[in-house]
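Heads up: the structure comes next, in structure tokens.
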Amino acid sequence: MSQPQTTPAWTDDNLMSLQSHILSEERHHPSATGDFSWILSGISLATKTIASKVRRARIEDVIGDAAGRPFGERDGINVQGEQQLKLDVIANEVIKACLGSRANIAALVSEEDQEPTILRNRESGGRYAVFFDPLDGSSNIDVSVGVGTIFGIVRLPDERRVSGTEAILHEKATVAAAGYVLYGSSTVMVLTTGNGVDMFVLDQSIGAYVLVKSKIKLPDSRRIYSINEAYASRFPAGVSRWLQWAHENDYTSRYIGSMVADVHRTLLKGGVFLYPQTNDRPEGKLRLLYEAMPMAMIIEQAGGAAVTGSGRILDVAPEALHQRVPVILGSKEEVAHIQRCLDN
Ligand code: AHG
Ligand code: MN
Ligand code: MN
């Protein structure tokens, strides 16, 4: 008689959905409360919905601004003083609708909203704030280039006295998880809960994110840079010096103009992504809470570095919800070299 088979150990070949992955991570942490599975299931639903809207953008004729004016005649302006496209608004509403009923979320902070959406206080169970850029690179939708959603989940301080924006910007608020979804040739979610970086691809046929790569590691160096070089005459001298050196040292350049797509390539292939300050934008363009900070956590968790030029992005103490910071992130050695050029 044959012996009963023992259950095989987990192998890389097993099919793992985002949901099962989060549940299994939580099982390894006895103190886990199920908070992440609750929040991430909302983000999963929202981003699947946005993915479907993005794919159907042309078909459903949603290209245009929030007021429905055709391309070229837009004047819908968001809180950043930038053009607001119809899909930015839709993506924002979808995320708020999917996260609004999650009982442990205290507040939602969106690129598209001047003020945070306060859902509940600490007494009513609100322990987290979720920061998001609902649609990053949205001007690229017109030309069917990859766009994305960026999010950060922040654990709020325990003090019951602080609430609202004060709690969100509090020094004891800590980033607990970060991720992005790239709506590209496939829909990809990259996620970290502080235990490495995992990548999931949306299998449209079953409607689930499936784990395709865990514990992503960024190469320490790679001769690729990603920067909008049209602004070269306005960069800090250190960045210009480094670029000059890169030109003479066999670097190649890749710049899509969607942060999610540029960071995703940097994460997988290595190299460095920069959006430095310029003479006319001394604080840079990218927003700390829902662009720079989530990407910095992902890149650091993958073994890379993410700095502003004067320190780690993750060490910046936020002073305002829509604050901007210069961003230099990617392979450790490339970032360190740029930092040396900035310091000299
Ligand atoms: P958003 O669409 O959310 O406003 O972000 C656009 C950002 C980012 O995706 C990208 O890295 C950057 O703008 C590109 O800016 P430039 O056109 O100045 O290069
Ligand atoms: Mn953006
Ligand atoms: Mn955006």
Side-chain angles (χ1 to χ4, degrees), residues 80-82 111 133 136-137 139-140 145 150 178 180 218-344:
Q80 314 296 334
E82 294 159 351
E111 178 192 27
D133 177 352
D136 171 69
S139 62
N140 283 320
V145 164
I150 309 172
Y180 61 78
L218 191 67
D220 283 343
S221 67
R222 192 83 193 263
R223 290 176 183 248
I224 307 172
Y225 67 75
S226 185
I227 189 170
N228 191 336
E229 224 165 340
Y231 308 147
S233 63
R234 287 172 266 155
F235 289 151
V239 171
S240 301
R241 270 198 302 279
W242 179 82
L243 267 175
Q244 183 61 38
W245 175 87
H247 291 164
E248 292 158 5
N249 282 277
D250 294 329
Y251 273 68
T252 193
S253 157
R254 293 283 182 276
Y255 190 72
I256 297 166
S258 277
M259 187 191 199
V260 170
D262 283 315
V263 170
H264 189 59
R265 184 200 50 255
T266 305
L267 176 71
L268 297 185
K269 305 246 179 203
V272 60
F273 167 84
L274 302 94
Y275 207 114
Q277 66 269 53
T278 49
N279 292 345
D280 51 335
R281 277 194 151 146
E283 71 292 352
K285 176 183 182 185
L286 299 173
R287 277 57 60 109
L288 172 64
L289 292 182
Y290 40 81
E291 291 181 318
M293 184 266 285
M295 294 310 201
M297 182 174 180
I298 290 167
I299 292 293
E300 285 198 0
Q301 283 287 318
V307 302
T308 62
S310 16
R312 281 171 77 222
I313 289 172
L314 291 177
D315 285 343
V316 177
E319 288 165 4
L321 294 181
H322 299 289
Q323 178 175 344
R324 297 172 195 264
V325 281
V327 171
I328 303 167
L329 58 78
S331 294
K332 240 181 191 153
E333 290 173 17
E334 308 294 342
V335 173
H337 186 183
I338 297 169
Q339 187 64 61
R340 284 197 298 277
C341 291
L342 286 167
D343 293 343
N344 286 322

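Only heavy atoms go into these numbers, but all of them, side chains included; no hydrogens, no water, no symmetry mates. For clarity, every value in this text was computed on a predicted model and none was experimentally measured.
Taking the six-membered ring where the residue is Trp, the centroids of Phe235 and Trp242 are separated by 6.0 Å or more.
Although no hydrogens or angles enter the test, the distance criterion places a donor-acceptor pair under 3.5 Å between the side chain of Thr308 and the main chain of Ser310. In this structure, the side chain of Arg324 does not engage the main chain of Glu283 through any donor-acceptor pair within 3.5 Å. Proximity of a side-chain donor or acceptor of Arg265 to a complementary backbone N or O of Ser226 within less than 3.5 Å is not detected. When atom types are taken as modelled, the side chain of Ser331 and the backbone of Gly271 share a donor-acceptor pair closer than 3.5 angstrom.
Atoms CD and CG, from Gln277 and Leu286 in turn, are 12.0 Å apart once rounded to the nearest 0.5 Å. In this structure, NZ in Lys332 is found 8.5 Å from CD in Glu300, a value given to the nearest 0.5 Å. To the nearest 0.5 angstrom, Asp133 atom CG is 4.5 Å from Glu291 atom CD. For the atom pair CG (Asn249) and CZ (Arg223), the distance works out to 5.5 Å, reported to the nearest 0.5 Å. Annotation: the span from Leu274 atom CG to Asn228 atom CG amounts to 11.5 Å, rounded to 0.5 Å. How far CZ of Arg254 is from CG of Asp262: 11.0 Å, rounded to the nearest 0.5 Å.
Proximity of Ile328 to Leu342: side-chain heavy atoms (C-beta onward) are separated by under 4.5 Å at one or more points. The side-chain heavy atoms of Tyr251 and Glu334, taken from C-beta on, include a pair separated by under 4.5 Å. The closest side-chain heavy-atom distance from Val327 to Met295 is not below 4.5 Å. Counting heavy atoms from C-beta on, the side chains of Leu289 and Glu111 never come closer than 4.5 Å. Side-chain contact between Tyr225 and Leu243 is present, with at least one heavy-atom pair separated by less than 4.5 Å.
Among all heavy-atom pairs drawn from Ala292 and Val325, the shortest one is CB-CG2, 3.6 Å. Of all the heavy atoms in Val145 and Ile256, the pair that sits closest is CG1-CG2, 3.5 Å. For the residue pair Asp136 and Met259, the shortest heavy atom distance occurs at OD2-N, 3.0 Å. The minimum heavy-atom distance between Asp343 and Gly309, with the atom names listed, is OD1-O, 4.5 Å. Contact between Ala302 and Leu267 at its shortest, heavy atoms only, is CB-CD1, 3.5 Å. The heavy-atom pair separating Pro276 from Val239 by the smallest distance is CB-CG2, 4.2 Å.
Applying the ring-ring contact (aromatic ring centres under 6.0 Å, His included) definition to pairs two or more places apart or across chains, those involving residues 254-282 are Tyr180-His264.
Residues passing the salt bridge (Lys or Arg N to Asp or Glu O under 4.0 Å) test with Arg222, sequence neighbours excluded: none. With sequence neighbours excluded, no residue forms a salt bridge (Lys or Arg N to Asp or Glu O under 4.0 Å) with Asp250.
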